[in-house]
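Presented below is the structure to which this report refers.
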Amino acid sequence: MGLTAISRRGFLTALGGWAAAPAFSGSTLAASLLEKTAGDDARLFASAYKLADGSFGIGLLDDYGQVLARITLPGRGHGIAVSPDRRRFVAFARRPGTFALLVRPFEDREPLVLVAEPGRHFYGHGCYSADGRLLYAVENDFEAVRGVVGVYDVSGELVRRIGEFPTHGIGPHDIALSADGTMLVIANGGIETHPDRAREKLNLETMQPSVVFVDAESGDLVVRHQLDGSLHQLSLRHMALDQKGRAWVGGQYEGAASDAPPLVAVFTQDDVPKLTEIPAHLAGKLENYIGSVAANSTGDVIATSAPRGGHTLFWNAVSGDFLGAQSIPDGCGVAPADQGSFLISDGNGGVSYVLEPGASSEVLSRPPGFAWDNHLVAIS
């Protein structure tokens with residue numbers, strides 16, 4: 001595919017004059033963010049939000065859940081990819097959005113804008129290469145009914161799309177880079193969609209979700225995993241890598257609401273997938289949907305949120321054992337905090353702190369008018 005330079009002016013023209021409005025541009029907030037995160041124990045987080053007036057954006061939060069800065073978006077945001085040096089992040093539009101924003105929160109500079117190629121739209125997630133020069137974004141080639149990874153050079157003053165390769169599946173939702181930087185792990189949700197049909201799901205009877213391992217340099221397929229055929233309607237979506245590099249993937253079940261299938265599976269390059277066992281007293285309460293997956297700072301505990309069911313479940317990453325659950329209404333965004341703990345954001349504007357799976361959660365903040373979206377990520 002040919003090289004494409006994506007300019008801010010071209011993006012604004014395409015969107016009829018919308019302008020990203022970072023609260024820290026032209027102010028001293030970038031310096032204050034640097035000061036805030038200067039200590040070893042300091043934390044900074046980011047999440048997409050919707051305000052009571054219907055507007056959308058990205059919020060930067062401290063480890064007390066206080067909103068330090070806001071960046072306006074032209075539509076609903078979803079996932080956020082953080083650079084290896086933790087100095088930049090890219091916020092993606094929710095499917096089938098065609099915009100993404102590269103933000104440098106510690107610099108007094110305007111965001112850089114990414115626009116999906118004609119015939120493509122973003123799926124809401126991406127990740128950086130190990131050296132931070134490239135961004136990999138999961139996209140829909142909707143006319144060909146296939147998933148692709150768009151490859152962007154984000155090292156300069158302009159964002160350049162330098163190519164793409166297939167995800168070897170339909171509906172790629174999440175993507176992660178292996179710890180050694182050589183492998184991309186991609187969760188293909190298996191659901192066919194088309195932007196002309198809004199968010200309609202077009203192939204529920206013939207879904208084939210998968211998790212694939214792809215060479216990060218060449219884009220070549222290394223291995224493709226699928227679950228048993230009886231679980232072909234378990235759309236594999238969000239993921240996190242544990243301390244051993246295993247991919248913990250949460251699912252969204254598209255079968256009968258009365259079913260209670262396993263919703264979390266563990267994938268490695270060489271072994272068959274392993275399904276976790278949700279305790280019987282919770283299995284029927286999760287509404288068959290996992291919204292986010294995150295590992296704690298040491299990678300030995302995995303959190304899987306079920307916002308529709310109002311529970312967040314925790315797992316021992318080594319043994320796969322269930323460790324406990326927290327009841328947080330509409331709690332979806334999960335990010336590692338200090339000493340192995342988690343922050344959990346919810347659709348009611350709350351940010352809660354969970355010290356450990358067996359401890360009660362503590363609501364740290366609930367800024368008025370905010371509704372946090374699906375994902376919360378640690379920036380620093």
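Predicted model only: the values in this text are computed from it and were never measured.
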Query - Side-chain ion pair, E192 and K201, N-O less than 4.0 Å - result: no
Query raised in the report: With the threshold set at 4.0 Å, does a side-chain nitrogen-carboxylate oxygen contact exist between R95 and E139?
Result: no
**Report entry** Contacts of type side chain to side chain contact (heavy atoms under 4.5 Å, CB included), residue D373, not counting sequence neighbours
**Finding:** A48, R76, H78
Query raised in the report: So with a 6.0 Å cut-off around CD of Q66, is the heavy-atom count from everything else above 12?
Result: yes
Query raised in the report: Going by atom types only, do E143 and H194 share a side-chain donor-acceptor pair under 3.5 Å?
Result: yes
Query raised in the report: Does any donor atom in the side chain of S292 or N374 lie under 3.5 Å from an acceptor atom in the other side chain?
Result: no
Requested in this report: Please determine, by modelled atom types, if T276 and W315 share a side-chain donor-acceptor pair under 3.5 angstrom.
Outcome: no
Report task. Please determine, by modelled atom types, if N140 and H121 share a side-chain donor-acceptor pair under 3.5 angstrom. Result -> yes
Query raised in the report: When you check the gap from the basic side-chain N to the acidic O, do D338 and R43 get nearer than 4.0 Å?
Result: no
Query raised in the report: Are side-chain N/O atoms of D242 and W248 paired as donor and acceptor at under 3.5 Å?
Result: yes
Query - Electrostatic pair D271-R246, nearest N-O below 4.0 angstrom - result: no
Query raised in the report: Do we see a donor-acceptor contact under 3.5 Å between the side chains of T268 and D270?
Result: no
Report task. Could you tell me whether F342 and Y353 have their ring centroids closer than 6.0 angstrom? Result -> no
